[in-house]
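The sequence lines fix the lettering, A, B, ..., with proteins before strands; numbering per chain opens at 1. What you see below is based on every heavy atom in this structure, not just the backbone, and it leaves out hydrogens, waters and symmetry mates.
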There are 2 protein chains.
Amino acid sequence: MNGPSLPARSRVTISQVAEAAGVSKASVSRYIGGDRQLLADATALRIEQAIERLDYRPNQMARGLKRGRTRLIGMLLADILNPYSVAVMHGVETACRQHGYSLVVCNTDRDTEQEIHHLAALRSYNVEGLIVNTLGHHAGELQSLHSELPMVLVDRKVEALEVDLVGLDNRDAVRQALDHLQQRGYRDLLLVSEPLDGTSSRQERVEAFKAEIARRPLLKGQALQTGDAFGAALRDFLAAPGPGPKALFAANGVAALAATRQLRELGCRLFEEIGLIALDDLDWYPLVGSGITALAQPTERIGTAALECLLGRLQGDREPPRQVDFKARLIVRGSTHPRG
Amino acid sequence: MNGPSLPARSRVTISQVAEAAGVSKASVSRYIGGDRQLLADATALRIEQAIERLDYRPNQMARGLKRGRTRLIGMLLADILNPYSVAVMHGVETACRQHGYSLVVCNTDRDTEQEIHHLAALRSYNVEGLIVNTLGHHAGELQSLHSELPMVLVDRKVEALEVDLVGLDNRDAVRQALDHLQQRGYRDLLLVSEPLDGTSSRQERVEAFKAEIARRPLLKGQALQTGDAFGAALRDFLAAPGPGPKALFAANGVAALAATRQLRELGCRLFEEIGLIALDDLDWYPLVGSGITALAQPTERIGTAALECLLGRLQGDREPPRQVDFKARLIVRGSTHPRG
DNA sequence: AGGTTTCATGAAACCGGTTTCAAGCAAACG
DNA sequence: CGTTTGCTTGAAACCGGTTTCATGAAACCT
């Protein structure tokens, strides 16, 4: 027995088990491979006992080599510090476990270099499939990878990449938001999003917002991105005369954080002078002012749906790429009660 | 060339590269293994071109088999929805990348079954080392794993497991908190933590709190855990007469969320009737009331320290287990200004 | 009884790499 | 000019499994 801080005790191998049980490697392999019905009961028993006695665990890497199945799924995340990503990842992970897979998560920190690096790494580890939530600049790499293994995009489309996509029905979410704001009497709206940066979900939300505004005569609306000039632009919006009560629509959780923070810095009494609705539902929304009204995404289900989509492809589904859109769920809180 | 949704194009292997370059597998292996100086320039060039032409990427699994180095690090997390865990993981991941490793993250959702499951999985994938932030019930599994590979605990000690530990100087953090509260005039304190549940860091914080209270005649203090009876207990605390201004001390981010939420439900005007300081610094703290005073943990550094510790062991460091403690950093906000 | 199936099993090839070992060859030496 | 040395290189064994194929024994059939 090795003491602590003395690792490297070589592991028990299939050959040792075979020898201990007095059978061939092949039989042991059959035993652990689930082909137990091929073995005589007596043989199976001897193998079982040998495995037990030696505390044998098969080497998944070695198995994957010949078999081609590593039981590994890769996930590429643009930003692991974004709660949305983590929530989806949680869903994926849960689903993975249920199906006997393990998940390798790579975070790119929104960096193209790292995206390439991680894609190469995932490929080199023979992941069986890929779940991708990322910028997807340089789609070439993704494209070439997709010719080797199935792939599912989450939340963000990648141009010229014909792949399954799981995400939110952005159009519907925006409609819900505007319905709610309009009904609550808000008339002058500002959509706050992170810099678009080619991110399809952000673009879709902005476009849907503009389209909806255009078709609603009661509402006035404009779109703004967080960043350097955000504070000044927000102040202007607050100061400008408009057709009626003003409200912000944060296009995701990060934008909600930035918007709320900025409102405070401008000395705005939260949600009395201005309303707020945010896409994503973060656990702290209820704590800010009278609570932030949210459009919750079913993140867990998005995650499991992505994995199940992937598993379908792994099982040979050759249908043309699908797009799975979930609906957002409105959660009304204090931030959309005009005049506090 | 394969179209989309037609994966399974078999990858280029080392043999194909060897053939294309007109050399042996061994030479190609030397080339990609970094033993380039062993090769004649002309040979290296031919190999390089063949690799380029075929777009060859070595199979990391196969390499790991003989070599014993998978370049994989495993991380076991008790709760991936906890921002602290994610922040540490981010640090680990960054450090991994810098050192050429990839990270396999497993989340146990605080469930012992899953902990066992994931440990087995990580082992079967031949991770070279393990970073563990988990309950660590059933230390047996961990112990046996530790005889095979190096291991570092993060934040949480595991009984009877003599392993490196990276975390917070809880004693010092509690002292900082009480110094601050005391100096701000608070006299009647309530420590709010999640159920201890054998989690060493929580226990340490509670113990340190009690010890500090005992040595400070000015202060009165008690400890409470979130859960069913929390609301009622909190109300009692607020109603009971005390030696002076009251404040809560949330022992981590989750407790801070629970405490703040509960205060609101009790109709408490935040931070006017009662102060609050929280361990961990979450991005929404500034937005709640006048802002929540925090003791920030250097999560990123904790993550990188954990990995570096692990790498040290991988490089043969046989010293007795170390404990690396970082100091918390006080960030004063409105929640510790008595009387609003 | 003889012949055909079926079943259980092991030997050996294989997966995609690494590593050992020995051989080939040119330069350097005496 | 014969040897020694050093540098390149490839053949083959190996890592820990899986899988194919052949074989021997038992069961089944006329």
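- Side-chain contact annotation: His117(A) with Asp111(A), donor-acceptor N/O pair under 3.5 Å absent.
- Nucleotide dC15(D) holds its C1' atom 10 Å from the CG atom of Asn126(B), rounded to whole Å.
- Between the side chains of Ser85(A) and Asp79(A), no donor-acceptor pair is found at a separation under 3.5 Å.
- The closest side-chain donor-acceptor pair between Arg11(A) and Asn126(B) falls under 3.5 angstrom.
- Atom-to-atom, CD of Gln60(A) to C1' of dG17(D) comes out at 10 Å; the value is rounded to the nearest Å.
- Between the side chain of Lys66(A) and the base of dG17(D), no donor-acceptor pair under 3.5 Å is found.
- The side chain of Tyr56(B) has dG17(C) as its nearest neighbour among dG16(D), dG17(C), dG17(D).
- A donor-acceptor contact under 3.5 Å is formed by the side chain of Arg30(A) with the base of dT20(D).
- As rounded to whole Å, 14 Å separates atom C1' of dG16(C) from atom CZ of Arg123(A).
- A donor and an acceptor atom, one from each side chain of Arg71(A) and Gln60(A), are nowhere located under 3.5 Å apart.
- Between the C1' atom of dT19(C) and the CZ atom of Arg67(B) lies a distance of 11 Å, rounded to the nearest Å.
- With values rounded to the nearest 0.5 angstrom, Ser102(A) atom OG is found 7.0 Å from Leu122(B) atom CG.
- The nearest heavy atom of DNA chain D to Ala62(B) and to Ser24(B) marks one nucleotide each, and the one closer to the 5' end goes with Ser24(B).
- Within the nucleic acid shown, Ala26(B) comes within 4.0 Å of at least one base atom, counting heavy atoms only.
- At the heavy-atom level, Tyr31(A) lies nowhere under 4.0 Å from the strands shown.
- Judged by closest nucleotide on DNA chain C, Thr43(A) is the one of Lys25(A) and Thr43(A) placed further toward the 5' end.
- An OP1 or OP2 oxygen of dG10(C) is reached within less than 4.0 angstrom by a side-chain nitrogen or oxygen of Ser27(A).
- With hydrogens and angles ignored, no donor-acceptor pair closer than 3.5 Å exists between the side chain of Arg46(B) and the base of dT9(D).
- Whole-Å rounding puts the Arg63(A) CZ to dT19(D) C1' distance at 13 Å.
- Using a 4.0 Å heavy-atom distance criterion, Val23(B) is classed as a sugar-phosphate-only contact.
- When rounded to the nearest whole Å, the span between CG of Asp35(B) and C1' of dC7(D) equals 14 Å.
- Distance CG (Leu39(A)) to P (dA25(D)): 19 Å, rounded to an integer number of Å.
- Note on Ser29(B): a base of the nucleic acid sits closer than 4.0 angstrom, heavy atoms only.
- Rounding to whole angstrom units, CE of residue Met61(A) and P of dC14(C) are separated by 24 Å.
- Within the 4.0 angstrom heavy-atom criterion, only backbone atoms of the sugar-phosphate kind lie near Thr13(B); the bases stay farther away.
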